[in-house]
Protein chains: 2
Amino acid sequence: MKLVKLTKKTVADRTRSSARSYDDACGAAHALDLIGERWALLVMRELMFGPKRFSDLRADLPGISANVLTQRLERLEDIGALSRRKLPPPAASHVYELTPWGYEIEPVLGVLGRWAARSPLHDPTLPLSAASLMLSFKTMFDASRAKGLNARIGFRIGDETFLVHIHGGACDAARQALNGADVVFAGQARAIAAAVYGGAPLQALEAEKALWVEGDRALAERFTSLFPLPQKA
Amino acid sequence: MKLVKLTKKTVADRTRSSARSYDDACGAAHALDLIGERWALLVMRELMFGPKRFSDLRADLPGISANVLTQRLERLEDIGALSRRKLPPPAASHVYELTPWGYEIEPVLGVLGRWAARSPLHDPTLPLSAASLMLSFKTMFDASRAKGLNARIGFRIGDETFLVHIHGGACDAARQALNGADVVFAGQARAIAAAVYGGAPLQALEAEKALWVEGDRALAERFTSLFPLPQKA
DNA sequence: CGGCATCCGGGAAGATACTG
DNA sequence: CAGTATCTTCCCGGATGCCG
């Protein structure tokens with residue numbers, strides 16, 4: 001038996017509100033109906049700095065399996081938080097990009113991160129994606145420590161580059177070329193996090209070749225002091 | 001067979017970080033490790049206005065089953081977001097109360113709610129708990145519409161009473177007696193939501209006995225206009 | 001190789017019944 | 001009232017394989 005397989009999955013199947021709904025008018029409950037499944041929010045996190053391909057997402061989310069990633073991308077597309085585009089002819093591949101509404105999930109990542117940073121169980125030495133690190137800068141930035149600072153800090157992590165722009169008490173981050181950076185950090189996200197959040201001296205990290213700093217070294221040192229962690233609960 | 005049941009659950013069993021961890025230093029990922037399981041955040045939502053008993057939580061979270069509620073309460077206690085207290089002698093019962101750090105989850109509920117309010121799939125006519133309604137007022141309050149307003153709005157929902165205090169462009173809500181309320185809404189949370197978010201006329205709701213308004217009627221009408229919903233995505 | 005479907009084992013969620 | 005025990009269902013995660 002088991003020869004009949006008419007299991008062509010239809011959009012209707014995927015769209016019907018995931019069968020297991022909270023059935024609750026509360027906005028937070030609806031948000032959980034939309035993106036409360038495992039991995040969903042982390043997929044969005046990885047897309048916060050622009051489109052990525054399927055395999056990029058798999059690489060940046062160690063632990064997610066291909067079928068689960070497929071399901072989450074389908075669901076996020078169905079609810080309108082994500083769009084799937086075909087790349088121009090040469091590349092026969094697809095990219096996934098958040099919609100404008102999808103990008104608005106950023107404050108959720110911010111407040112969740114700030115809350116969890118006070119958890120006694122939080123282990124900041126675990127692995128970290130580049131997107132997570134950049135988001136953590138926007139989240140943990142302390143404007144009062146950056147008074148009068150106007151600087152462009154570059155990051156080279158894997159084959160991606162990011163520019164963090166600190167000016168007027170604000171801290172922006174974008175995935176872009178490093179033109180005009182005053183200083184560049186190169187290395188794994190983990191090593192940079194060790195410097196910024198773990199208090200590891202830059203010199204030590206450079207000595208063990210976990211991190212390279214190119215450019216204004218004093219600025220690099222100052223940068224690492226701009227993101228204080230909150231007190232544990 | 002199946003006669004041996006030494007399944008005494010130990011604290012160690014419950015504490016070991018739920019086996020299925022994201023293993024990610026990102027704060028948002030850790031938050032999901034802590035409260036990403038189904039129902040966890042909604043349990044916290046129900047406790048935002050003060051302690052409740054087990055059966056109160058069951059009543060206010062239609063759909064949760066007793067064993068899942070037990071598991072979530074244990075987990076929230078283990079991570080330090082919740083404490084379980086025995087009531088004074090006369091009542092032989094327990095209550096569950098958020099810790100100070102647990103109460104800090106409120107902004108998470110706010111940003112999730114604001115984001116989901118823009119979802120085209122959001123259905124504001126579904127049932128709603130009293131706590132959800134009060135939180136929605138704090139979340140959706142538009143200070144610019146309440147210029148110069150200083151008012152105390154009371155709510156009687158089931159056997160609970162809440163006071164919403166609007167003053168100086170801020171909107172607070174608390175579970176407390178209705179002394180000094182300028183106007184009181186009584187009825188199901190759903191009906192009050194229909195007036196505030198669904199644009200249903202108070203008169204119509206009163207006619208069908210879904211809602212009762214006692215006190216300053218003009219203030220009641222004005223109150224319903226202070227919480228505009230965002231544009232759909 | 002990228003994207004997706006299928007099959008399977010383990011475990012979490014849901015429903016119900018039961019106990020102190 | 002406050003949970004516990006048990007059973008079923010469904011989701012998650014891993015492996016494999018198909019197809020462009």
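Model, not experiment: these values are computed from the prediction.
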Inter-residue atom distance [X].[atom1] - [Y].[atom2], 0.5 Å rounding:
X      : Y      : atom1 : atom2 : value
B/R45  : B/L57  : CZ    : CG    : 10.5 Å
B/K138 : B/S136 : NZ    : OG    : 11.5 Å
A/F162 : A/L178 : CZ    : CG    : 10.0 Å

Would you kindly give the [atom1]-to-[atom2] distance between [X] and [N], to the nearest whole Å?
X     : N      : atom1 : atom2 : answer
B/K52 : D/dG3  : NZ    : C1'   : 18 Å
A/L69 : C/dC4  : CG    : C1'   : 11 Å
B/R84 : D/dC1  : CZ    : C1'   : 13 Å
B/R85 : D/dA2  : CZ    : P     : 14 Å
B/D56 : D/dC1  : CG    : C1'   : 11 Å
A/E74 : D/dC11 : CD    : P     : 14 Å
A/R53 : C/dG2  : CZ    : C1'   : 9 Å

Item to check | Ring-face cation contact, A/Y22 with B/R38, 6.0 Å cut, 45° max | outcome: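 Yes, B/R38 and A/Y22 form such a contact.
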Next on the checklist: Could you report the tightest heavy-atom contact between A/W115 and B/G102, atom names first, then the distance?
Outcome noted: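 A/W115 and B/G102 have their closest heavy atoms at NE1-O, 4.5 Å.
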Item to check | Listed partners of B/E206 passing side chain to side chain donor-acceptor pair (under 3.5 Å), at least two apart | outcome: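 Applying side chain to side chain donor-acceptor pair (under 3.5 Å) to B/E206 gives B/R217.
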I'd like a table of atom pairs between the protein and nucleotides 18-20 of chain D - only N or O on both sides, under 3.5 Å - with the distance next to each one.
none

So, does [X] get its side chain near the phosphate of [N], meaning an N or O under 4.0 Å from OP1 or OP2?
X     : N     : result
B/T70 : D/dG3 : no
B/H94 : D/dG3 : yes
B/S93 : D/dA2 : yes

Next on the checklist: Please identify which of these residues, B/M44, B/E77, B/R72, B/R75, meets the side-chain contact (heavy atoms from CB on, under 4.5 Å) condition with B/L82.
Outcome noted: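 For B/L82, the side-chain contact (heavy atoms from CB on, under 4.5 Å) test succeeds with only one of B/M44, B/E77, B/R72, B/R75, which is B/E77.
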Checklist entry - So does B/E214 pair up with B/R156, basic N to acidic O under 4.0 Å? => result yes
Next on the checklist: Run B/V43 and B/I64 through side-chain contact (heavy atoms from CB on, under 4.5 Å) and show every step you take.
Outcome noted: CA-CA 10 Å; B/V43 170; B/I64 198 172; 4.3 Å; yes
Item to check | Annotated protein contacts, base or backbone, on nucleotides 13-20 of chain C with a non-hydrogen cut-off under 4.0 Å, one of B, S, - each | outcome: SBB-----
